[in-house]
Amino acid sequence: MEFDLTSSYLRHNYQLPSSTISPPTSVDDLKAMYAKSLNADLCLKVKKCVVGVHRALLCACSPVFTKMFEAPMDEKENNVIEITDIELPVVKGLVEFVYTGALCNDDFDFVYDLYYAADKYDVSSLRKTCTDVLLAKLDVENACRVLSLADQHSDVQFKDSIMEFILFNFDDILQTNNWSEFLDEETKLAAEVMRCRSLKSKKLSNNMPVA
């Protein structure tokens, strides 16, 4: 009887004895635990709604949650964490990722909000997944908005990738209403874009062959 082990080498070259009763916990098992709140020992409270979770899984993925239970805080005593700055669907998306390692929704606006949650609770694998999705969905209409997000969270690599996209598509972005709003709301960041644009233009000019 062959089992789906973590290592592909083991999976294809070894078999467990037929007497082995049960395989390791699968993603489906974890999804069922979350969906049914089986033996949940912690609650995430969002307004009047409560999401039951397992503390061990949450802490394994989030150093922030771990610190909450290491310190003498109300959350540790009551087993309830109240979340006031993230909407319920996004909290559920974060929790489902912890249990399954997959996004439940790849809609741009949802992933944009989920990135904030991932960064707040330092769920690095989710933050990386959100980054990849947002970059894949980057266009001239949303690029400035995503740049603001990366800048607010001091995500340098993410920001550099978006900046590269903006500079490459600068003329098209300049024609959008979002660029006008960006100039009004993110003055310093817009100035940074313009400086990068100027430096790129000078570099290209210096590399041009002399006629």
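FYI, the numbering just counts along the sequence from 1.
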Is it true that [X] and [Y] fall in one hydrophobic cluster, defined by side-chain heavy atoms closer than 4.5 Å?
| X | Y | value |
| --- | --- | --- |
| Val64 | Tyr116 | yes |
| Val53 | Ile83 | yes |
| Val133 | Phe165 | yes |

Distance check, rounded to the nearest 0.5 Å: [X] atom [atom1] versus [Y] atom [atom2]?
| X | Y | atom1 | atom2 | answer |
| --- | --- | --- | --- | --- |
| Leu44 | Phe65 | CG | CZ | 5.5 Å |
| Glu186 | Asp151 | CD | CG | 7.0 Å |
| Cys49 | Leu88 | SG | CG | 5.0 Å |
| Leu189 | Phe182 | CG | CZ | 3.5 Å |
| Ser161 | Leu134 | OG | CG | 11.5 Å |
| Asp132 | Arg127 | CG | CZ | 12.0 Å |

Under 3.5 Å: donor-acceptor pair, side chain of [X], backbone of [Y]:
| X | Y | result |
| --- | --- | --- |
| Asp122 | Ser62 | no |
| Ser198 | Met194 | no |
| Asp139 | Asn142 | yes |
| Thr176 | Glu141 | no |
| Asn169 | Ile166 | no |

Flag side-chain contact, heavy atom, 4.5 Å: [X] against [Y]:
| X | Y | value |
| --- | --- | --- |
| Ile173 | Cys144 | yes |
| Val146 | Leu138 | yes |
| Leu183 | Glu181 | no |
| Val51 | Lys92 | yes |
| Met68 | Ile81 | yes |
| Val46 | Ile86 | no |
| Val193 | Met163 | yes |
| Leu167 | Cys196 | yes |

Discussion item. With a 6.0 Å cut-off on the ring centroids, do Phe158 and His153 count as close?
Written reply: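 Ring-ring flag for Phe158/His153: false, centres at least 6.0 Å apart.
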Decide if atom [atom1] of [X] counts as having more than 12 heavy atoms of other residues, nucleotides or ligands within a radius under 6.0 Å.
| X | atom1 | answer |
| --- | --- | --- |
| Gln152 | CD | yes |
| Asn177 | CG | no |
| Lys120 | NZ | yes |
| Glu164 | CD | no |

Tightest non-hydrogen contact, residues Gly52 and Ala40, listed as C-CB, 3.9 Å
Between Phe110 and Cys104, the two heavy atoms sitting closest are CZ-SG, 3.9 Å
Working note: Lys128 + Asp155, criterion salt bridge (Lys or Arg N to Asp or Glu O under 4.0 Å); need CA distance, chi angles, decisive distance, verdict. CA-CA 11 Å; Lys128 175 62 168 60; Asp155 193 331; over 6 Å; no
_Set out, in order, the CA-CA distance, both residues' side-chain angles and the distance that settles side-chain contact (heavy atoms from CB on, under 4.5 Å) for Cys61 and Phe97, then state yes or no._
CA-CA 10 Å; Cys61 295; Phe97 184 89; over 6 Å; no
Inset, instruction - Indicate yes or no: does Lys159 engage Glu192 in a salt bridge with an N to O separation below 4.0 Å. - result: yes
Yes or no on side-chain contact (heavy atoms from CB on, under 4.5 Å) for Lys137 and Leu135, after CA distance, side-chain angles and deciding distance? CA-CA 5 Å; Lys137 292 179 177 289; Leu135 288 176; over 6 Å; no
Check: So, Asp107 and Tyr112: side-chain donor and acceptor under 3.5 Å apart, yes or no?
Finding: no
Do Arg55 and Asp41 pass the salt bridge (Lys or Arg N to Asp or Glu O under 4.0 Å) test, and can you show the C-alpha distance, the side-chain angles, and the key distance before you say yes or no?
CA-CA 6 Å; Arg55 183 191 300 186; Asp41 56 1; 5.0 Å; no
message: Using side-chain contact (heavy atoms from CB on, under 4.5 Å), reason through Leu94 and Leu114 one step at a time and then give a plain yes or no.
response: CA-CA 7 Å; Leu94 183 149; Leu114 191 58; 4.1 Å; yes
For the pair Phe170 and Trp179, evaluate side-chain contact (heavy atoms from CB on, under 4.5 Å) and give the outcome as yes or no after the intermediate values. CA-CA 10 Å; Phe170 187 75; Trp179 173 257; 4.1 Å; yes
